[in-house]
Asks: 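First, the structure itself, so that you have it in front of you.
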Number of protein chains: 2
Amino acid sequence: MAGQVQRQTGVALWRQIADRIRQAISAGAYDETGMVPPETVLALQFGVNRHTVRSAIAALAQEGIVRAVQGRGTLIERKERLNFPITKRTRFTAGIGEQAREMRGLLLSYSEEKADADVARGLQIRPGEPVIRMETVRKADGRPVSCATAWFPAGRFGGMPDAYQRTESITKAFAELGLSDYVRATTEITAVHADEADTAALDLAPGAILLITKAVNTDLEGVPVQYAISRFAADRVQFTIEN
Amino acid sequence: MAGQVQRQTGVALWRQIADRIRQAISAGAYDETGMVPPETVLALQFGVNRHTVRSAIAALAQEGIVRAVQGRGTLIERKERLNFPITKRTRFTAGIGEQAREMRGLLLSYSEEKADADVARGLQIRPGEPVIRMETVRKADGRPVSCATAWFPAGRFGGMPDAYQRTESITKAFAELGLSDYVRATTEITAVHADEADTAALDLAPGAILLITKAVNTDLEGVPVQYAISRFAADRVQFTIEN
DNA sequence: TATGGTTGTCTATATCAATAGACATTTAAG
DNA sequence: CTTAAATGTCTATTGATATAGACAACCATA
């Protein structure tokens with residue numbers, strides 16, 4: 001698990017090391033002891049000064065992943081990476097349901113607006129037609145996992161914001177509005193560094209990585225009902241595509 | 001396209017700005033002029049000093065994405081993001097084929113080894129059974145797109161390294177070894193920061209993001225034939241999942 | 001050829017990142 | 001109680017990062 005860190009890359013050593021330790025924790029590298037190796041050992045492993053390792057651990061402590069105890073060592077507090085299956089019938093709440101006790105979708109804001117070119121293409125409507133836009137955050141056991149911007153055709157799903165706020169689930173909200181089933185037509189996946197807004201919304205470590213999906217959901221006749229751009233904290237989730 | 005950069009995050013401003021500009025280029029933001037906006041404009045947009053923007057542009061020039069010309073401006077040299085469809089019949093070479101002139105898969109190294117727990121689970125064999133491991137790099141028009149570690153059951157596909165080296169394609173190599181068709185059973189997708197080895201192998205900007213896939217391919221009877229971990233340069237590709 | 005807009009270079013300064021060493025404090029174990 | 005091992009704190013120094021300002025060099029064009 002060594003593999004040296006890189007200098008003069010615009011990414012501080014302490015951040016690289018924090019990322020590596022976070023990943024090692026979620027991969028179960030320290031499961032036997034439940035603790036991160038001593039600072040002096042890590043410093044030797046990564047080839048850096050002990051103070052640099054301390055900066056990395058401080059960042060992880062800030063995230064709530066580890067807790068340093070004087071005299072004992074650095075304890076692992078949280079070890080997580082939710083699996084998020086992407087299938088024809090992708091259901092966020094259901095898919096994650098077995099891995100977390102409580103799943104909630106929170107509506108941050110919504111508005112009615114006119115579809116721009118991207119949204120119109122996704123929903124297969126004409127640019128300028130009215131759509132409902134919703135900004136949401138989804139949480140597993142109180143911890144933010146992703147935030148999303150979703151668009152719906154305004155005529156058919158004008159009641160979406162209200163239904164979503166009540167049910168805290170897209171699937172249930174669709175059901176309330178008379179759409180009992182829907183399928184995922186396409187999903188695009190990319191990855192970028194988180195910007196300020198998403199860092200705040202997802203309670204992320206600054207400079208963290210986002211996995212981004214652009215998805216179109218359709219009803220059973222193939223008519224688009226939702227176009228959504230979701231931004232996932234990359235260190236908290238993984239996607240699984242089953243065929 | 002504004003959205004401010006973040007300070008004191010362990011990620012240097014010039015690197016954040018370079019990432020943003022690179023992404024804007026690949027999204028086609030500057031297609032009309034074929035040029036990046038003037039340094040003074042970018043500095044104002046991002047709320048930083050002009051010298052900081054210059055550091056970012058210098059990094060992009062180093063990557064060969066832009067070329068600054070005194071008196072004229074900064075020209076866009078290369079504009080890239082390959083789309084990589086992930087389907088039941090995922091074929092790297094074929095999928096990318098239409099987007100690049102030349103696709104090549106290069107064998108870096110290979111060895112015969114005993115399957116560890118992960119590999120055994122992927123290939124549905126017993127840990128300790130012999131497998132062939134191959135380290136490969138895949139290039140589109142000479143530019144590295146991904147590197148991968150792949151395992152094959154040694155008994156059935158002992159000739160894999162040789163066949164791959166000759167055909168530069170997994171699909172063709174399988175065909176030579178008597179497997180005319182195969183399907184993708186599962187794919188896991190995650191994202192991390194690139195480590196030193198992958199930075200070198202993929203000719204990446206240091207600190208770049210990797211999209212990682214873990215995939216199991218099976219023959220038409222559902223018997224696993226390949227377990228592969230691929231690491232893609234996140235700023236050069238996107239995945240598309242079609243259903 | 002004159003001008004405005006652009007990139008290139010230089011100096012100076014402040015802050016962050018990283019190293020180095022010394023020592024204090026706490027915990028667990030002998 | 002003593003000791004070893006671990007984290008916590010402090011000072012000092014160096015190099016990378018970022019800001020600020022001034023001016024040179026170059027290009028296109030009016």
Side-chain angles (χ1 to χ4, degrees), chain A residues 4-21 25 30 32-62 64-77 193 196 205-207, chain B residues 4-21 25 30 32-62 64-77 193 196 205-207:
Chain A
Q4 245 32 299
V5 287
Q6 310 168 280
R7 287 157 196 271
Q8 299 173 22
T9 67
V11 181
L13 295 182
W14 63 264
R15 171 143 295 285
Q16 296 180 49
I17 292 170
D19 290 343
R20 297 275 293 273
I21 296 175
I25 289 174
Y30 310 129
E32 296 181 12
T33 59
M35 297 177 68
V36 172
E39 294 168 354
T40 51
V41 173
L42 290 171
L44 205 65
Q45 257 182 35
F46 289 114
V48 302
N49 192 275
R50 181 184 152 223
H51 293 294
T52 307
V53 170
R54 281 179 62 73
S55 298
I57 290 178
L60 294 175
Q62 182 67 28
I65 292 178
V66 300
R67 179 165 53 92
V69 179
Q70 191 170 10
R72 288 181 62 191
T74 302
L75 286 63
I76 295 171
E77 291 278 274
H193 283 116
E196 199 177 25
Chain B
Q4 244 34 296
V5 286
Q6 308 169 280
R7 287 156 196 271
Q8 299 173 16
T9 66
V11 181
L13 295 183
W14 64 263
R15 171 141 295 288
Q16 296 180 49
I17 291 169
D19 290 343
R20 297 274 294 273
I21 295 175
I25 288 174
Y30 310 130
E32 296 182 13
T33 59
M35 297 177 67
V36 172
E39 293 167 355
T40 50
V41 173
L42 290 172
L44 205 64
Q45 256 181 36
F46 290 114
V48 301
N49 192 275
R50 182 185 151 220
H51 293 295
T52 308
V53 170
R54 282 180 62 74
S55 298
I57 290 178
L60 294 175
Q62 182 67 29
I65 292 178
V66 301
R67 180 167 52 92
V69 179
Q70 190 170 12
R72 289 182 61 193
T74 302
L75 286 62
I76 295 171
E77 292 277 274
H193 283 115
E196 197 177 27

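Residue numbers start from 1 in every chain, and the chains themselves are labelled A, B, ... in the order their sequence lines are given, proteins ahead of strands.
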Asks: Could you check whether any side-chain heavy atom of A:Ile21 comes within less than 4.5 Å of a side-chain heavy atom of A:Val66, counting everything from C-beta outward?
Replies: no
Asks: Heavy-atom distance under 4.5 Å between the side chains of A:Gln16 and A:Leu13, does that happen here?
Replies: yes
Asks: A:His51 NE2 to D:dT13 C1': how many Å, rounded?
Replies: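 From A:His51 NE2 to D:dT13 C1': 12 Å.
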Asks: Atom OH of A:Tyr30 and atom P of D:dA6: how far apart are they, to the nearest Å?
Replies: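 So the OH-P distance, A:Tyr30 to D:dA6, works out to 14 Å.
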Asks: What's the CZ-C1' distance between B:Arg54 and D:dT17, to the nearest Å?
Replies: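 The answer, rounded to whole Å, is 16 Å.
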Asks: With nearest nucleotide decided by heavy atoms, which residue, B:Val41 or A:Val48, maps closer to the 5′ end of DNA chain C?
Replies: B:Val41
Asks: For DNA chain C, which nucleotides open and close the run of contacts to chain B, 5' to 3', at under 4.0 angstrom from a non-hydrogen atom?
Replies: C:dG5 to C:dA17
Asks: Are any non-hydrogen side-chain atoms of A:Thr74 and A:Arg67 less than 4.5 angstrom apart?
Replies: no
Asks: Can you confirm whether B:Trp14 sits close enough to B:Arg54 that some side-chain heavy atom of one is under 4.5 Å from a side-chain heavy atom of the other?
Replies: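 With C-beta onward as the side chain, the pair stays apart.
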Asks: Does some side-chain heavy atom of A:Ile57 sit less than 4.5 Å from a side-chain heavy atom of A:Leu42?
Replies: yes
Asks: For A:Arg72, which residues count as a side-chain hydrogen bond (donor to acceptor under 3.5 Å, both in side chains) partner, sequence neighbours excluded?
Replies: none
Asks: Taking atom P of D:dA22 as reference, at what distance in whole Å does atom CG of B:Asn49 sit?
Replies: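 Atom CG in B:Asn49 sits about 13 Å away from atom P in D:dA22.
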Asks: Rounded to whole angstroms, how far apart are CD on B:Glu39 and P on D:dT19?
Replies: 14 Å
Asks: What is the nucleic acid contact for A:Thr74, judged by heavy atoms within less than 4.0 Å: base, sugar-phosphate only, or nothing?
Replies: sugar-phosphate
Asks: Starting at atom CZ of A:Arg67, determine the distance to atom C1' of D:dG8, rounded to an integer number of angstrom.
Replies: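 Value for this atom pair: 16 Å.
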Asks: Set out, line by line, the N/O atom pairs under 3.5 Å between protein and nucleotides 23-26 of chain D.
Replies:
from	atom 1	to	atom 2	distance (Å)
D:dA25	N3	B:Gln70	NE2	3.1

Asks: When you compare the side chain of B:Thr40 with that of B:Leu44, does any pair of heavy atoms fall below 4.5 Å?
Replies: no
